2 protein chains.
Amino acid sequence: MQLTMTGEYAVRAMIHLSTLPFGTIIQISEVSKEWNIPENFLRKITAQLAGADLITSQRGINGGIRLSRPPESLTVLDVVEAVEGKIFLNKCLICDGFCPRDEWCQVHTLWEEAQVKLKEILSSKNLAQLAADTLKRRAEILEARQQTSAA
Amino acid sequence: MQLTMTGEYAVRAMIHLSTLPFGTIIQISEVSKEWNIPENFLRKITAQLAGADLITSQRGINGGIRLSRPPESLTVLDVVEAVEGKIFLNKCLICDGFCPRDEWCQVHTLWEEAQVKLKEILSSKNLAQLAADTLKRRAEILEARQQTSAA
DNA sequence: ATAAATGGGACAAGTATTGTCATCTTCGGC
DNA sequence: GCCGAAGATGACAATACTTGTCCCATTTAT
């Protein structure tokens, strides 16, 4: 019941891309260094993100990766599901007949409700907002630190 | 990002106990048969549930398990957390410094919101309600079947 | 004592996670 | 056309987790 490192790294990388002007190409090695992500592992993940067409990759010299769509149209849910597959909180939500009683079991209904809400929240903010908010918050914190050190 | 079989089995067993009059003792082997749960595996799970004091077990002849508290005061969240540990959707919610930027990262905030809501829903109905609703729904379905077969 | 019930530890097969590494493919520039 | 830089891909591996199984210990009513 937890996000994997793959998902975590994918979100980090996508947030990074979302802070850049749309269309900017950046190299995987740079993202890797900046966010402490094992480079070869990140390559696997970016390949998945490219497969889901969240990013576009370009080989060769001066190549790299960039967002396929503007970050305003992307959410954390998109990113997580791109690398981890669709979210199913409970197995009985995936396959019929998993639980011998799923026809009438009301726990099933509860899990479904929880799943809907989870997805709703994970897609309630787009990556552009998240990236902007994060940059803003960071600036605030850094400024507060400078003031205290100056005082 | 999914409930384990352990959690699934635990919920099944607890729902079963919640359908019985409070205080009823039932044997693990019975629950196992009724819900298609491997008996020895279920023993491990019930031991955990007993450790969390959700159920009380009694050894020896005529022994078995029973709810420690009335099902009105228990939720699916209680059961899941008893056997799987506290729910943390994202690792950065567990330990400080997991993510190099968790101080200002707004994705962190989003995961936190999602986690709160998930827990809220999983504890929005108590086991007594869920058990009663399930029995009712089951009766409805069975009745509907009898009517169609009679017609 | 004995039979019936849970508890607990050792073990094991299978799968998922989290990588690493070597090699291949693609591309721009000379 | 060649070279070097970049991502793509597949094989491999260490580790942990999941999902059990099995055996024996412990408890308890009779």
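All values reported here derive from a predicted model rather than from experimental measurement. The sequence lines fix the lettering, A, B, ..., with proteins before strands; numbering per chain opens at 1.
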Measure [atom1]/[X] against [atom2]/[N] and give the value in whole Å, please.
{"X": "A:Ile37", "N": "C:dT20", "atom1": "CD1", "atom2": "C1'", "result": "16 Å"}
{"X": "B:Lys91", "N": "D:dC17", "atom1": "NZ", "atom2": "P", "result": "11 Å"}
{"X": "B:Arg66", "N": "D:dT28", "atom1": "CZ", "atom2": "C1'", "result": "15 Å"}
{"X": "A:Ile45", "N": "D:dT9", "atom1": "CD1", "atom2": "P", "result": "15 Å"}
{"X": "B:Glu39", "N": "C:dG8", "atom1": "CD", "atom2": "P", "result": "17 Å"}
{"X": "B:Leu49", "N": "C:dG7", "atom1": "CG", "atom2": "P", "result": "10 Å"}

query: What does nucleotides 22-30 of chain C look like as a protein-contact string, B for base, S for sugar-phosphate only, - for none, at under 4.0 angstrom between heavy atoms?
result: ---BBBB--
Who passes side chain to side chain donor-acceptor pair (under 3.5 Å) against [X], sequence neighbours left out?
{"X": "B:Glu112", "value": "none"}
{"X": "A:Lys136", "value": "none"}
{"X": "A:Glu140", "value": "A:Arg137"}

field: Below 4.0 Å: OP1/OP2 of C:dG7 and any side-chain N or O of B:Ser57
entry: yes
field: Partner residues of B:Glu120 under the salt bridge (Lys or Arg N to Asp or Glu O under 4.0 Å) criterion, sequence neighbours left out
entry: B:Lys117
field: Partners meeting salt bridge (Lys or Arg N to Asp or Glu O under 4.0 Å) with B:Lys33 (sequence neighbours left out)
entry: none
- prompt: Nearest of C:dG7, D:dA8, D:dT21 to any side-chain atom of B:Phe41?
  reply: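 When the side chain of B:Phe41 is considered, D:dT21 is the closest of C:dG7, D:dA8, D:dT21.
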- request: Counting heavy atoms from C-beta on, name the nucleotide in D:dG7, C:dG7, C:dT18 closest to the side chain of A:Ile28.
  value: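 Taking heavy atoms from C-beta onward, the closest nucleotide is D:dG7.
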Pair listing, ring-ring contact (aromatic ring centres under 6.0 Å, His included) test, anchored in residues 44-87 of chain B, at least two apart: none
message: Tell me every residue that passes ring pair (Phe, Tyr, Trp, His ring centres under 6.0 Å) with A:Phe41, counting only those two or more places apart in sequence or in another chain.
response: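 A:Phe41 satisfies ring pair (Phe, Tyr, Trp, His ring centres under 6.0 Å) with A:Tyr9 only.
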- prompt: Can you name the side chain to side chain contact (heavy atoms under 4.5 Å, CB included) partners of B:Leu135, sequence neighbours left out?
  reply: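 Listed in chain order: B:Thr19.
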Basic-acidic side-chain contact under 4.0 Å: A:Glu81, A:Lys119: yes
query: According to the salt bridge (Lys or Arg N to Asp or Glu O under 4.0 Å) rule, which pairs have a member within residues 52-65 of chain B, sequence neighbours left out?
result: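 Qualifying pairs: none.
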Please write out the pairs of protein N or O atoms and N or O atoms of nucleotides 10-12 of chain C separated by less than 3.5 Å, giving the distance to one decimal.
from   : atom 1 : to      : atom 2 : distance (Å)
C:dA10 : N6     : B:Lys44 : NZ     : 3.1

- request: Using a cut-off of strictly less than 4.0 Å between a heavy atom of the residue and any atom of DNA chain C, enumerate the qualifying residues of residues 3-16 of chain A by number.
  value: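 Hits under 4.0 Å, by residue number: A:Thr4, A:Met5, A:Thr6, A:Tyr9.
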